[in-house]
There are 2 protein chains.
Amino acid sequence: MSDGHFKKIALIGVGLIGSSISHAARRGGLVDSITGHARTAETRDTAVRLGLIDTAHATAAEAVQDADLIILCVPVGACAKVAEEIAPYLKQGSIVTDVGSVKESVVNDVAPHIPSGVHFIPGHPIAGTENSGPEAGFAELFDNRWCILTPLDNGDAAATAKLKAFWQALGSDVDVMTPQHHDMVLATVSHLPHLIAFNIVNSARHLEQVTDREVIKYSAGGFRDFTRIAASDPVMWRDVFLNNKEAVLEMLGRFTEDLTDLQRAIRFGDGDKLERLFTEARGVRQGIVESGQDTAAPDFGRHAGANEPASE
Amino acid sequence: MSDGHFKKIALIGVGLIGSSISHAARRGGLVDSITGHARTAETRDTAVRLGLIDTAHATAAEAVQDADLIILCVPVGACAKVAEEIAPYLKQGSIVTDVGSVKESVVNDVAPHIPSGVHFIPGHPIAGTENSGPEAGFAELFDNRWCILTPLDNGDAAATAKLKAFWQALGSDVDVMTPQHHDMVLATVSHLPHLIAFNIVNSARHLEQVTDREVIKYSAGGFRDFTRIAASDPVMWRDVFLNNKEAVLEMLGRFTEDLTDLQRAIRFGDGDKLERLFTEARGVRQGIVESGQDTAAPDFGRHAGANEPASE
């Protein structure tokens, strides 16, 4: 039975996720030491100054030496290069994992580089905020959120159990599934919503009849909600869409079909259909609140003094 | 110079907006008494019990008698019938306004019924939560939010000034524009975002590969944000889309064009274009936060203990 403790962790990348792993691991007393690599000297200095990492390294290869757990916290498009670079320096028996929002491409990119005797277990915590960088992290990010692991078919069960215990100690619930299923699920719950948010924000910016200033002033009408996830890191999201193309295009096709159906109902004034579809959509919110995946407070609790939801 | 005070207000409808007007008007000492009408006896009883209205009336006609300010807080599709019903009972010199999310259709539906000597000034507070009903209201709902008035061409300037002062005393900033411009702006900042949210939630419900339970569990990936506004009142939104058809279809056409462009960039792996579009979208959030229309706290402040945004 593993307690999720590792002597030495290496964080390759100390952005929002990497820095939050550090905070949560320190909070739980899960590590003796944390080494880290970031591309820029500025980020490395910040990470040391904030106590996120004990030692900073200019290359990923240096950072992973002697580490028991190596976590790739870089955009998914950067994983192949990092894996190739660190491969010769990985300790026998160590575990390599990642936090990328796409899993099949990461398996294809990383697995071939991992030496025999090192355990590669892809992972993805379903948690985040719209902020980026080493100062954006906090210890509570993973509390009551799900982390999905997609172990390889020939993977070592004990190593997977150890990584699972680590994520649980960080505050997460852990699920295991195939990379293919992960990518389809995430296309639905994350990638398509982000794409739609990016798109609605950009559409609003290019109107002739409505000014940018008006869009901002009246954004409490609903628009502002979309701008939060549209403020997420552009490079991370570029890589997600480049690497989960098929699943995203599949979900996008379904979304567009359904939207065309709604558009037609509006054009022909089919009020019964609109009311029925809107009523069906309403129910999903309740399940999310009841499962603890969102706040029950109205308007995400943004209103000071807001009442609790009506109980009738 | 008006102070926004009215002796007697009549609320026709005491849902989220009607009940919030009552709370905010009582908070500001803006009224001597409030009468009200709701369709069901249950809502009328609740409204009296909560102190939202001093007297409850089974018909709108009774509720408006002797009132100085009559506020229609019903779905926009119900305004015509209410206006016709109350017209014979309106006091000379009184002001009739509404809170509907569409203005041109309300002008067309209501104005013909309003007798000479009564001032009809359409209005729309850009504020709300996903909750409905008399228990959902609270006094702070309109604080620092915009209320748009769309006075008629031949309207009385003093009456408009008085209604403006009332909304300011409720906590709002007030803008004046034409009904047509209002409807185009709101199609952008509110109607299209709600339609997209309803649609993405329903699309996710009908997948074969991803279960409803998975959608809920992993909704922190972004999906949950859309479920909040998709939980808004179905009848209110049905009426919005039936009554702002042209502007919504125009905005929807633009949204779909832009989405098709993004889809093509994904299909052909155009990473530069994706990164550029995502970077552009990011900037809008900052304007909204700086203007006070949304919280600066990461993730809408849903994470206890979350840091402030990185200041680098």
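Chain naming here is simple, since letters A, B, ... match the order of the sequence lines and numbering starts at 1 in each.
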Criterion side-chain contact (heavy atoms from CB on, under 4.5 Å) on A/R282 and B/D233, from CA distance to verdict: CA-CA 8 Å; A/R282 193 173 210 186; B/D233 184 50; 4.1 Å; yes

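Heavy-atom pairs under 4.5 Å with chain A peak, among B/T295, B/L195, B/V235, at B/L195. Between chain B and the residues A/G292, A/A265, A/A139, A/A230, the largest count of heavy-atom pairs under 4.5 Å involves A/A230. With respect to chain B, the highest number of heavy-atom pairs below 4.5 Å among A/E257, A/M184, A/E275 belongs to A/E275. Taking chain B as the reference chain and counting heavy-atom pairs below 4.5 Å, the highest number among A/T279, A/T260, A/D261, A/D239 is found for A/T279. Your options are A/D175, A/D212, A/L186, and the one with the most heavy-atom pairs under 4.5 Å with chain B is A/D175. Of the listed residues (B/A204, B/G271, B/G269), the greatest number of heavy-atom pairs within a distance under 4.5 Å of chain A belongs to B/G271. Put simply, of B/L207, B/V248, B/I229, the one with the most heavy-atom pairs under 4.5 Å next to chain A is B/L207. The most heavy-atom pairs under 4.5 Å with chain A, out of B/D173, B/D225, B/I126, come from B/D225. Your options are B/I200, B/V215, B/V201, B/N243, and the one with the most heavy-atom pairs under 4.5 Å with chain A is B/I200. Per-residue counts of heavy-atom pairs under 4.5 Å with chain A were compared for B/R276, B/Q263, B/M251, B/K217; the largest is that of B/K217.
Two residues are said to be in side-chain contact when any heavy atoms from C-beta on lie closer than 4.5 Å; A/I148 and B/Y218 meet this criterion. Put simply, the side chain of B/I196 reaches to within 4.5 Å of the side chain of A/F255, judged on heavy atoms. Looking only at side-chain heavy atoms (C-beta outward), A/N202 and B/E280 come within less than 4.5 Å of each other. Taking the side chain as every heavy atom from C-beta outward, A/R228 and B/D294 never approach each other to under 4.5 Å. For the pair A/I288 and B/F223, the minimum side-chain heavy-atom distance is below 4.5 Å.
Put simply, CD on A/E208 and CZ on B/R254 are 4.0 Å apart, with the number rounded to the nearest 0.5 Å. Summarising the geometry, atom CZ belonging to A/R302 is positioned 8.5 Å from atom CZ belonging to B/R302; distances are rounded to the nearest 0.5 Å. Distance CD1/A/I266 to CG/B/L249: 6.0 Å, rounded to 0.5 Å. For the atom pair CZ (A/R224) and CD (B/Q293), the distance works out to 7.0 Å, reported to the nearest 0.5 Å. The structure places CZ of A/R238 at 8.5 Å from CG of B/L274, a figure rounded to the nearest 0.5 Å. Rounding to the nearest 0.5 angstrom, the gap separating the CD atom in B/E250 from the CD atom in A/Q209 is 5.5 Å.
Under the side chain to side chain donor-acceptor pair (under 3.5 Å) test applied with A/S203, the options B/T256, B/T188, B/D258 reduce to a single match, B/D258.
Between B/F300 and A/F300, the ring planes lie parallel to each other; the angle is under 30°, not in the 30° to 60° tilted range. The aromatic rings of B/F278 and A/F198 lie parallel to each other, with less than 30° between the two planes, well short of the 60° mark.
Counting non-hydrogen atoms of other residues, nucleotides and ligands closer than 6.0 Å to CZ of B/R49 gives a total above 12.
Looking at every heavy atom in both residues, B/D299 comes nearest to A/E130 through N-OE1, 2.8 Å. Nearest heavy atom pair, residue A/A231 against residue B/R285, reads CB-CB, 3.8 Å. Minimum heavy-atom separation, A/P193 to B/G222: CB-C, 4.2 Å. Across all non-hydrogen atoms, the minimal contact from B/R145 to A/A220 is CD-CB, 3.5 Å. Scanning all heavy atoms of the two residues, the minimum distance from A/G221 to B/S190 falls at O-OG, 2.8 Å.
At a 4.5 Å heavy-atom cutoff, the contact between B/H181 and chain A is made by side-chain atoms alone. For chain A, the nearby part of B/S291 is the side chain; its heavy atoms alone come within less than 4.5 Å. Heavy atoms of A/T211 lying under 4.5 Å from chain B are absent altogether. Contacts of B/W237 with chain A are made by both backbone and side-chain atoms, with heavy-atom separations under 4.5 Å. Looking at B/M236, neither its backbone nor its side chain comes within 4.5 Å of chain A, counting heavy atoms on both sides. Neither the backbone nor the side chain of B/S101 comes within contact range of chain A, judged by heavy atoms closer than 4.5 Å.
The closest donor-acceptor contact from the side chain of A/N199 to the backbone of B/L259 lies under 3.5 Å.
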